[in-house]
Every structure is written in C-alpha cells, then in structure tokens.
Amino acid sequence: MNSSLTRIAFMAGALYFCCMAAAHFFGLKYPLLFVYYDTPFYGYQDKIISFAVLAYVALFYQAARRRDAVPTALVVMGVTILGLSSVNLSEALAEVLTPDQSTIPYWIQVALFAGYWLALFGLWRRDGSHN
C-alpha cells in the first residue's frame with residue numbers, strides 16, 4: 001500500500017502532466033510545461049504530444065492508487081529523463097538553437113524531473129520497507 005505522501009506525490013505528477021498536456025494542446029510555450037519552450041515547433045506535433053502525455057496522466061494516477069503500478073511509472077519517467085538528456089546533447093537540437101541560446105534551461109528541467117524521480121523512488125522504497 002502506498003503511503004498518503006506517496007499517493008500525493010504521484011497525484012501531483014498526474015496533475016502536472018494534465019497541465020503539460022493542456023499547454024501542448026493550446027501551444028502555450030511556458031518553461032516547465034514545455035521543455036523546449038523557445039525552439040521552433042509545429043502545432044500538429046504539439047497536439048500529438050498532448051495526447052501522448054495523457055498516458056503519463058493515467059500512469060501516475062494509477063501509481064497513486066496502486067503500489068504495483070509504481071515500478072512502471074518509475075521506469076517510464078526514468079526513460080523520459082534519459083531521452084530528454086539525449087535530446088539536449090543532440091546535434092538536432094543544436095541545429096535549431098541560435099548562437100546565443102543555451103541548453104542550460106533544458107538541463108534544469110531535466111534535473112527537476114530527475115529530482116522528482118528520486119523523490120518518488122525514495123517514497124516507494126520507504127513504503128516497501130514499512131510493509
């Protein structure tokens with residue numbers, strides 16, 4: 001059974017991903033809701049992303065309710081962190097950035113995701129040690 005704190009942490013993630021999905025759907029390019037908020041984009045791609053992000057909403061909601069869903073949510077979030085790191089290091093991203101644009105804001109967002117992942121992992125482990 002997840003503790004109340006673990007449930008709240010996963011529900012906060014579900015809420016965050018709802019906001020991210022809405023931002024992508026409506027093209028609201030704000031940092032934290034849009035990782036690459038200051039790069040060129042195509043509206044149709046962001047609509048696709050908004051629907052894909054709904055899978056995260058469902059996964060994190062389910063992880064809040066059921067302990068057996070937590071490992072899947074952690075793996076998916078971990079792969080997302082690795083994927084975003086790969087994008088940050090890619091030539092494809094470098095090609096769309098202007099000479100004065102830095103990847104630091106993107107790395108900060110990846111670090112925030114990693115910190116959230118660590119918190120979720122720690123809560124999940126703590127709950128498991130209490131059973």
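Fair warning: this is a prediction, and the values are worked out from it, not measured in the lab.
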Any donor-acceptor N/O pair, Gln62 side chain to Ala69 backbone, under 3.5 Å: no
Asn2 side-chain N/O to Ala63 backbone N/O, donor-acceptor pair under 3.5 Å: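 Yes, the answer is positive, given that a donor and an acceptor are paired below the 3.5 Å cut-off.
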With sequence neighbours excluded, what pairs up with [X] under the side-chain contact (heavy atoms from CB on, under 4.5 Å) test?
| X | result |
| --- | --- |
| Pro105 | Tyr37, Ser102 |
| Ile48 | Tyr44 |
| Tyr116 | Phe60, Met77, Leu120 |
| Thr98 | Asp100, Gln101 |

Heavy-atom side-chain contact between Leu54 and Phe17 under 4.5 Å: no
pair Leu74-Trp117: side-chain heavy atoms closer than 4.5 Å: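 Of all side-chain heavy-atom pairs linking Trp117 with Leu74, at least one is under 4.5 Å.
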Please name the pair of heavy atoms, one in [X] and one in [Y], separated by the smallest distance, quoted to 0.1 Å.
| X | Y | value |
| --- | --- | --- |
| Met20 | Leu32 | CE-O, 4.0 Å |
| Ala73 | Leu59 | CA-CD2, 3.6 Å |
| Pro31 | Gln109 | C-OE1, 3.9 Å |

Partner residues of Thr6 under the side-chain hydrogen bond (donor to acceptor under 3.5 Å, both in side chains) criterion, sequence neighbours left out: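 Expected list: Ser3, Asp127.
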Side chain to side chain donor-acceptor pair (under 3.5 Å) partners of residues 23-32, not counting sequence neighbours, each pair once: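 Sorted pair list: His24-Asp46.
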All pairs passing side chain to side chain donor-acceptor pair (under 3.5 Å) where residues 77-86 contributes a residue, at least two apart: Tyr56-Thr80
Leu118, CG atom: more than 12 neighbouring heavy atoms under 6.0 Å: yes
When you group the ILVMFWY residues by side-chain heavy-atom contacts below 4.5 Å and let the links chain together, are [Y] and [X] in the same group?
| X | Y | answer |
| --- | --- | --- |
| Val76 | Ile81 | yes |
| Leu112 | Val87 | no |
| Val110 | Leu33 | yes |
| Phe113 | Leu15 | no |
| Leu82 | Val53 | no |

Check: Ser129/Arg126 side-chain N/O donor and acceptor closer than 3.5 Å: no
Salt bridge (charged side-chain N to carboxylate O under 4.0 Å, His left out) involving Arg66 - partner list, sequence neighbours excluded: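 For Arg66 the salt bridge (charged side-chain N to carboxylate O under 4.0 Å, His left out) partners, ignoring immediate neighbours, are Asp68.
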Atom pair OG (Ser50) and CD (Gln45), whose distance is rounded to the nearest 0.5 Å: 12.0 Å
Rounded distance (nearest 0.5 Å) linking atom CD1 of Ile49 with atom CZ of Phe41: 10.0 Å
Side chain to side chain contact (heavy atoms under 4.5 Å, CB included) assessment of Phe10 paired with Val70: CA-CA 9 Å; Phe10 275 102; Val70 170; 3.8 Å; yes
Other cluster members, Ile8 - Ile/Leu/Val/Met/Phe/Trp/Tyr, side-chain contacts below 4.5 Å: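 ILVMFWY cluster around Ile8 holds nothing else.
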Side chain to side chain contact (heavy atoms under 4.5 Å, CB included) between Arg67 and Trp124, worked out: CA-CA 8 Å; Arg67 182 169 172 74; Trp124 176 68; 3.0 Å; yes
Any pair counted as ring pair (Phe, Tyr, Trp, His ring centres under 6.0 Å), so long as it reaches residues 88-112, sequence neighbours left out: Tyr36-Tyr106
Partner residues of Phe26 under the ring pair (Phe, Tyr, Trp, His ring centres under 6.0 Å) criterion, sequence neighbours left out: none
Partners passing ring pair (Phe, Tyr, Trp, His ring centres under 6.0 Å) against Tyr61 (at least two apart in sequence or in another chain): none
